[in-house]
Amino acid sequence: MAEPVSYAGYLRLDQLLSAQQPRSEEHDEMLFIVIHQIYELWFKQLLHELGRLQTQLESGETTHAMRTLRRTLAILKIVVTQLDVLETMTPTQFTRFRDGLGSSSGFQSAQFRELEAVLGRRDPMMLAQYPPDSPERARIGAAMSRPSVFDSFLRYLAGQGYDLPADARDRDVAGPLEASDAVQQLLKRVYDDDTDATAVCELLVDLDEGLQEWRYHHVKMVERTIGGRHGTGGSAGAGYLRTTLGQPTFPDLWAVRSLG
């Protein structure tokens, strides 16, 4: 007979709880490790949810897609709130163990880069820090070559009876998402119709806004912790992060608001 499944066994707690290995004796390093490991778990779940969302959108499953989007938004709220916990650490407390981080940096998070690619970012520099034969580079590259969430959304609208403009229907999905007047006119019709497809639009705007909120709070957390200094691994720290602010993930869904 198979052994009964236990709580610890099902969750593999022996592996999970042994994965925190501080490199110093500083009390606050444990918090730093735990927070970042939790981030990676949430990034994994977000990738899981967004993959399902794309399938649901392309299959025209409006109700299920909306449910998945709401779950994704709930996760994003937790991701933002976690920064409040990290901000309980003072700059001095971080400095005491910072040297032990070596060249490691949050900029090296392959899952976050993959997440950006799934959402539509197409920047070759995202691949530059990963060896050509690494699984991380392969995953990010594959995500950059597939349709993005917005591409799946446009296919969803086509399935709802809307005529996609040629530049959207035939676009190279490996290229960057760019604002399109024709797509904005299509979205204007969707908003004027005020159907479930409109509700999906608004949930995608919520997703975009949630990502921008996370980026803003991330910048402020970095500034609060290290000020204007370079980040670990030689990254530009808050200076670089500030350049990512105010850049919408789905530009057409914001531009349509100016059409009245």
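Heads up: numbering here begins at 1 and tracks the sequence. If you're wondering where the values come from, they're calculated on a predicted model, not measured in any experiment.
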Note to self: Restricting to ring-ring contact (aromatic ring centres under 6.0 Å, His included), what partner residues turn up for Phe150, sequence neighbours left out?
What the structure shows: Phe153, Phe250
Note to self: Could you measure the distance from the CD atom of Glu213 to the NZ atom of Lys77? Nearest 0.5 Å is fine.
What the structure shows: 9.0 Å
Check: Is the gap between the ring centers of Phe112 and Trp42 under 6.0 Å?
Finding: no
Notebook entry, point to check: Would the number of heavy atoms belonging to other residues, nucleotides or ligands and lying under 6.0 Å from CG of Asp163 be above 12?
Noted result: no
Note to self: For Tyr130, give me all partners under ring-ring contact (aromatic ring centres under 6.0 Å, His included), at least two apart in sequence or on another chain.
What the structure shows: none
Check: Are Ile35 and Leu41 linked, directly or through other ILVMFWY residues, by side chains that come within less than 4.5 angstrom of each other?
Finding: no
Check: What's the shortest heavy-atom distance between Arg224 and Pro91, and which atoms?
Finding: O-CG, 3.3 Å
Checklist line | side chain to side chain contact (heavy atoms under 4.5 Å, CB included) between Arg215 and Gln247, intermediate numbers included | finding: CA-CA 10 Å; Arg215 288 186 186 279; Gln247 297 183 12; over 6 Å; no
Next item on the list: Starting at CG of Leu46, measure out to CZ of Arg71 and round the result to the nearest 0.5 Å.
Entry: 11.5 Å
Notebook entry, point to check: What's the verdict on side chain to side chain contact (heavy atoms under 4.5 Å, CB included) for Asp208 and Leu253, showing C-alpha distance, side-chain angles and the deciding distance?
Noted result: CA-CA 9 Å; Asp208 196 335; Leu253 282 169; over 6 Å; no
Check: Does Val173 belong to the same Ile/Leu/Val/Met/Phe/Trp/Tyr cluster as Leu157, with side-chain heavy atoms less than 4.5 Å apart forming each link?
Finding: no
Next item on the list: Enter the distance from Glu209:CD to Leu204:CG here, rounded to the nearest 0.5 Å.
Entry: 13.0 Å
Next item on the list: I would like to know whether Leu177 and Ser148 meet side chain to side chain contact (heavy atoms under 4.5 Å, CB included); could you show each step before the answer?
Entry: CA-CA 9 Å; Leu177 285 171; Ser148 69; 3.9 Å; yes
Note to self: Does Arg169, at its CZ atom, have more than 12 non-hydrogen atoms belonging to other residues, nucleotides or ligands within less than 6.0 Å?
What the structure shows: yes
Check: side chain to side chain donor-acceptor pair (under 3.5 Å): which pairs involve residues 10-20, sequence neighbours left out?
Finding: Gln20-Gln37
Margin query: Could you go through Thr62 and Gln160, starting from their C-alpha distance and side-chain angles, then the distance that decides it, and tell me whether this counts as side chain to side chain contact (heavy atoms under 4.5 Å, CB included)?
Written below: CA-CA 10 Å; Thr62 302; Gln160 299 300 303; 4.1 Å; yes
Margin query: Assigning hydrophobic clusters by single linkage (Ile, Leu, Val, Met, Phe, Trp, Tyr; side-chain heavy-atom cutoff under 4.5 Å), is Ile78 placed with Leu211?
Written below: yes
Check: Would a distance-only check, ignoring hydrogens and angles, find a side-chain to backbone donor-acceptor pair under 3.5 Å from Asp193 to Thr195?
Finding: no
Next item on the list: Report whether Leu154 and Met144 are members of the same hydrophobic cluster (ILVMFWY, side-chain heavy atoms less than 4.5 Å apart, transitive linking).
Entry: no
